[in-house]
Amino acid sequence: MKKTIPVICILLVVLACNNQPQQEAGYTIQAEVQQFLDEYTRKFCELDFIAQEAQWASNTKIIEGDSTNAIATRRASEVQAVFTGSAENINKAKEYLAQKSKLTNLQVLQLNSILYKAANNPGTVPDLVKERIKAETEQTEKLYGFDFKIDGEPVTPNEIDASLKEENDLDKRLKAWESSKEVGINLKEGLNNLRNLRNETVQNLNYSDYFSYQVSEYGMTSEEMMTLLRKIHSELFPLYRELHTYTRYELAKKFGVDEVPDYIPAHWLTNRWGQDWASMVTVEGFDIDAALSEKDEEWIIQQAERFYKSLGYDALPLSFWGKSSLFPAPKNADYKKNNHASAWHVNLDRDVRCLMSVEANSEWYETTHHELGHIYYFLEYSNADVPILLREGANRAFHEALGSLMGLAAMQKPFLIHLYLVDKNAEVDEMKALLKEALSYVVFIPWSAGVMSEFEHELYSNNLPQDQFNKKWWELKKKYQGIVPPTERGEEFCDAASKTHINNDAAQYYDYALSYLILFQLHDHIATEILNQDPRATDYFGKPLVGEFIRDIMYPGATIDWRELMKEATGEELSAKAMMNYFKPLMAYLKDINSGRKYTLEPVVL
Ligand code: X8Z
Ligand code: ZN
């Protein structure tokens, strides 16, 4: 025993002098880094699984007065945060990245991913991280535990949506819309608190604020992102202005209002946030809602799976059906669930689940295709070539785009004829069908690239004061969407917080704006280069080449640079060109209908 001490001492001295612990045979810096990555990944998976299971329970079973799930979620998230934000992991990742020229590209990407995760949970400020996790859990509970009511009677969000789609009485519409915004009142304090906590957390790892932290995943600064978003908005603005004018006049007619308002009162629209106006138009012979109402909810999900399978994807794992939460909580249930759709990659392998409240209508039909896009993306990049830490989309927008692409394809006439949801002999007004699509896709841009992104940029980057949340929100709604509140909405409200992403998917909504550009670019490529079909009338069903194209995009996950991927897949850089081309024929059609009408929207000055 005694002898060993000097030997160790000498060894340590030698090591310290040479500063080269890599003397052992077979040592390379890559092997050392790999060992670190393997160990990190093993622990990360273990903790992430526990945290996701807890989150899953918190989102699928919200029982009033029972905080069991919330406490478990908080604990699990805290443990995970302590690990991902530990000084040891941060220092190691930084140290290794300092020698990045000696490492493989995959190793560098994984080390960056470790640092990115750490910035959200820096171990140097453990109390702050804990406080943020607590605030996040409470905010989600308040949002999804909320009792929506109309005239004192409980209503579900699906019922509010249905009433905004169907109700013709403006007073009743107003009640439905107002009830949908009540939830924001109790979320305002929490949002202010969360903004501060989120900013302070990431500032510890040198991000200027939480918005720039989230944007950095694209390899962009906040300014670059905002410039891109404003450009997208202004490119689509001429068409949006036509749609806005059309809608004001058509809705005024529909509701029997003689004086057409300059801006659209929010409760006139068929969506709680005015983010999608498609339901205001019914196309004769092409009434998908009517056709889907004959089906049951299970059919909607099975059909979406059939579509993916027809492109060469496998059936969903059996566990998907057993573990997902697919339908609304029963009316008399003693629990509530998160009613917004999401997809979960619970063990970063084949445990994939959807959280949805599917009903047999066109919105849920599209959303189901969207969510299964996430699910098949998870499954596709869970392969031996993609390290677990890089099992993410090429960027977050790609993750949103691929399912939405399938959602768009699943709504096109030739495909719907194929499914017998549309009669092949029906005479369909194609221009009206295109108008309906524009009321969904084009209308979404001022909302996503404009209102949501500008608001969160103000909130996080410019520290918008709490007593201006609602003022700013409506200022942006008017400027970008041309929508105004039905009545004065003072600072006692927090209408932004009625949108789930503002609370629990913060500073990321531009993902969806970008995803629409990506989806139209990919769709255009598929239609013209693979199918040889008109992009406005495609049928992807049973076309394995389409599946191959989409799978090639999914397979590498985040091991590939998103700009290169876009270039490789389509030969083009990200732009709004394909989306604008798709809707081009509408311009003349709408200009004609709108001739003599007053235009009220001003272009946004860049
Ligand atoms: O939130 C979603 C998805 C989540 S995976 C359902 N979407 C945005 C929204 O609902 O606001 C899809 C499109 C926009
Ligand atoms: Zn999504």
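In each ligand, atom 1 is the first atom listed, and ligand 1 is the first ligand listed.
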Donor on one side chain, acceptor on other, R198 and Y460, under 3.5 Å: yes

Q275: numbered ligand 1 atoms lying under 4.0 Å from its heavy atoms: 9 (C), 10 (O), 11 (O)

For L389 against S113, the heavy-atom pair lying closest together: O-OG, 3.5 Å

Full working for side chain to side chain contact (heavy atoms under 4.5 Å, CB included) between Y313 and L372: CA-CA 11 Å; Y313 284 95; L372 288 200; over 6 Å; no

W273 to ligand 1, any heavy atom closer than 4.0 Å: no

Heavy atom of the protein closest to atom 10 (O) of ligand 1 (residue, atom name, distance): H340 CE1, 3.2 Å

side-chain contact (heavy atoms from CB on, under 4.5 Å) partner of Y376, chosen from L402, L316, I550, V352: L316

Part of Y509 within contact of ligand 1 (heavy atoms, under 4.0 Å): side chain

Any donor-acceptor N or O pair under 3.5 Å, side chains N383, Y555: yes

Atoms of ligand 1, numbered as shown, that sit under 4.0 Å from any heavy atom of E371: 3 (C), 4 (C), 5 (S), 6 (C)

Minimum heavy-atom distance between T60 and S325, given as atom pair plus value: CG2-CB, 3.8 Å

Ligand 1 atoms in contact with H501 (distance to a heavy atom under 4.0 Å): 1 (O), 2 (C), 9 (C), 11 (O)

Working for side chain to side chain contact (heavy atoms under 4.5 Å, CB included), residues Q521 and M566: CA-CA 9 Å; Q521 276 180 272; M566 195 64 180; 3.0 Å; yes

Donor-acceptor pairs under 3.5 angstrom involving side-chain atoms of residues 392-401: please list them, not counting sequence neighbours.
residue: N395; atom: OD1; partner: A397; partner atom: N; Å: 2.9
residue: N395; atom: OD1; partner: F398; partner atom: N; Å: 2.8
residue: R396; atom: NE; partner: D511; partner atom: OD1; Å: 3.3
residue: R396; atom: NE; partner: D511; partner atom: OD2; Å: 2.8
residue: R396; atom: NH1; partner: Q214; partner atom: O; Å: 3.1
residue: R396; atom: NH1; partner: Q214; partner atom: OE1; Å: 3.2
residue: R396; atom: NH1; partner: E217; partner atom: OE1; Å: 2.8
residue: R396; atom: NH2; partner: Y510; partner atom: OH; Å: 3.0
residue: R396; atom: NH2; partner: D511; partner atom: OD1; Å: 3.1
residue: H399; atom: ND1; partner: H374; partner atom: ND1; Å: 2.9
residue: H399; atom: NE2; partner: Y381; partner atom: OH; Å: 2.8
residue: E400; atom: OE1; partner: H370; partner atom: NE2; Å: 2.9
residue: E400; atom: OE1; partner: H374; partner atom: NE2; Å: 3.1

Heavy-atom check, side chain of L292 versus side chain of N361, under 4.5 Å: no

Heavy-atom nearest neighbour in the protein, as seen from atom 13 (C) of ligand 1, with distance rounded to 0.1 Å: Y512 CD2, 3.9 Å

Residues, nucleotides or ligands: over 12 heavy atoms within 6.0 Å of K175 NZ: no

Numbering as shown, the atoms of ligand 1 that approach F444 to under 4.0 Å (heavy-atom distance): 14 (C)

Atoms of ligand 1 close to K499 [distance to a heavy atom under 4.0 angstrom, numbered from 1]: 9 (C), 10 (O), 11 (O)

Heavy atom of A341, distance to ligand 1 below 4.0 Å: yes

Cationic N near anionic O, under 4.0 Å, D289 to K165: no

Proximal ligand 1 atoms for H374, defined as those under 4.0 Å from one of its heavy atoms: 5 (S)

Tally, protein N/O/S atoms nearer to the Zn ion (ligand 2) than 2.8 Å: 3

